[in-house]
Amino acid sequence: MTKTVKDYIRTIVDFPHEGILFRDVTTLFADPRGFRMAIDQLLTPYTGLRIDRVAGLEARGFILGGAVAHQLSTGFVPIRKKGKLPGAVISQAYQLEYGEAVVEVHDDALQPGEKVLLVDDLLATGGTAEAGIRLIEALGAEVIGCAFVVDLPELGGRKKLEAMGMEVHALCAFEGL
């Protein structure tokens, strides 16, 4: 039987707290075939499109986004948690389950008109991805797609991003939280 990307992802029960089913992609990253499959499948919908940069959301989006950028022979832009980037940055706040967080990007990371593919491991509520999109657009660049390994449809992130006019690509979905 041929394995799918989903087969490489383990579920850890009650992490980070009781009632949560954590979808752990580190097992996917650790397997050379699984990791290659994921990168290839993340790229597939964008074959032939102009992509000037790949932006990855901290932290697992760096692993995936770096590999995708390498395959595309383009640059990589990290979107990091507040206070992690040196130099001049722009910031975007977003809502968490309990409270607020902030992500940042260098103010010169993207140029107006550049086409950007946003990459992360998991799409849940869509808050982090939305903040990343707002940062990319604030620099005058255009998000041509949002690619994720895992979608958690019950949490509504895909609907949020699609309501913003974004094209969303996910390799697999898991039901439940």
Side-chain angles (χ1 to χ4, degrees), residues 15-17 20 22-26 28-29 35 38-39 41-43 45-46 49-152 155-171:
F15 182 83
H17 52 80
I20 300 294
F22 186 83
R23 309 308 178 170
D24 181 17
V25 295
T26 63
L28 170 69
F29 295 167
F35 189 49
I39 298 307
Q41 289 179 15
L42 284 170
L43 285 166
Y46 309 104
L49 296 181
R50 176 182 149 205
I51 299 174
D52 299 305
R53 299 275 184 273
V54 175
L57 298 169
E58 187 164 332
R60 292 172 297 272
F62 294 176
I63 297 163
L64 294 161
V68 168
H70 172 76
Q71 287 297 104
L72 293 172
S73 297
T74 192
F76 174 77
V77 174
I79 297 176
R80 299 216 56 190
K81 293 175 184 169
K82 184 177 179 164
K84 300 288 186 180
L85 289 171
V89 297
I90 60 170
S91 303
Q92 179 67 49
Y94 64 100
Q95 294 302 308
L96 294 171
E97 192 174 351
Y98 303 104
E100 189 175 85
V102 176
V103 289
E104 298 177 327
V105 68
H106 282 123
D107 67 359
D108 61 354
L110 298 165
Q111 300 305 310
E114 284 188 315
K115 308 288 187 189
V116 180
L117 176 62
L118 182 69
V119 177
D120 203 4
D121 67 319
L122 187 133
L123 177 58
T125 64
T128 310
E130 178 185 10
I133 291 163
R134 296 208 184 285
L135 287 173
I136 291 164
E137 291 177 342
L139 293 175
E142 177 189 348
V143 178
I144 60 102
C146 301
F148 304 91
V149 173
V150 176
D151 182 14
L152 302 177
L155 295 179
R158 176 185 285 269
K159 287 180 182 168
K160 176 185 281 189
L161 298 184
E162 288 174 345
M164 294 174 69
M166 294 295 127
E167 178 189 312
V168 176
H169 171 57
L171 305 187

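Residue numbers run from 1 in the order of the sequence given. Please read these numbers as outputs of a predicted model, since none were measured by experiment.
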Those residues that, when tested against [X], pass side-chain contact (heavy atoms from CB on, under 4.5 Å) (two or more places apart):
X	result
Ala138	Ile90
Lys115	Arg50, Asp52, Glu142, Ile144
Ala141	Leu110, Glu114, Val116, Ile136
Gln71	Arg36, Ile39, Asp40, Leu43

Between Tyr46 and Val54, does a side chain to side chain contact (heavy atoms under 4.5 Å, CB included) hold up when you go through it step by step? CA-CA 12 Å; Tyr46 309 104; Val54 175; over 6 Å; no
Can you see which heavy atom on [X] is nearest to which on [Y], and at what distance?
X	Y	value
Tyr94	Thr128	CE1-OG1, 3.3 Å
Ala55	Phe76	C-CE1, 4.2 Å
Gly126	Leu161	O-CD2, 4.1 Å
Ala69	Gly75	CB-O, 3.8 Å
Ala101	Leu96	CB-CD1, 3.6 Å
Phe62	Gly56	CE2-O, 3.4 Å

To the nearest 0.5 Å, how far apart are [atom1] in [X] and [atom2] in [Y]?
X	Y	atom1	atom2	answer
Leu171	Asp151	CG	CG	10.5 Å
Met164	Arg134	CE	CZ	4.0 Å
Glu130	Gln92	CD	CD	7.5 Å
Cys146	Glu167	SG	CD	8.5 Å
Thr74	Leu117	OG1	CG	10.0 Å
Phe22	Leu122	CZ	CG	8.0 Å

Under the side chain to side chain donor-acceptor pair (under 3.5 Å) test, which residues partner [X], sequence neighbours left out?
X	answer
Thr26	Asp24
Asp120	none
Gln41	none
Glu137	none

Could you walk me through whether Leu118 and Ile79 pass side chain to side chain contact (heavy atoms under 4.5 Å, CB included), step by step? CA-CA 10 Å; Leu118 182 69; Ile79 297 176; 4.1 Å; yes
Candidate pair Leu57 and Val103, rule side chain to side chain contact (heavy atoms under 4.5 Å, CB included), full reasoning: CA-CA 9 Å; Leu57 298 169; Val103 289; 5.7 Å; no
Just to verify, what does Arg60 make a salt bridge (Lys or Arg N to Asp or Glu O under 4.0 Å) with, not counting sequence neighbours?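 Testing Arg60 for salt bridge (Lys or Arg N to Asp or Glu O under 4.0 Å), a comparison that skips the adjacent residues, returns Asp121.
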Mind jotting down which residue pairs meet the salt bridge (Lys or Arg N to Asp or Glu O under 4.0 Å) criterion with at least one end in residues 70-95? Sequence neighbours excluded, please.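 Checked against salt bridge (Lys or Arg N to Asp or Glu O under 4.0 Å) - neighbours excluded - the pairs reaching residues 70-95 are Glu58-Arg80.
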Listing request: all side-chain hydrogen bond (donor to acceptor under 3.5 Å, both in side chains) pairs with a residue in residues 103-112, at least two apart in sequence or in separate chains. Ser91-Glu104
For Phe35, all residues meeting ring-ring contact (aromatic ring centres under 6.0 Å, His included), sequence neighbours excluded: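 In terms of ring-ring contact (aromatic ring centres under 6.0 Å, His included), with neighbours along the sequence ignored, Phe35 is linked to Phe29.
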Examine distances only and state if a side-chain atom of Arg158 and a backbone atom of Leu123 form a donor-acceptor pair shorter than 3.5 Å. no
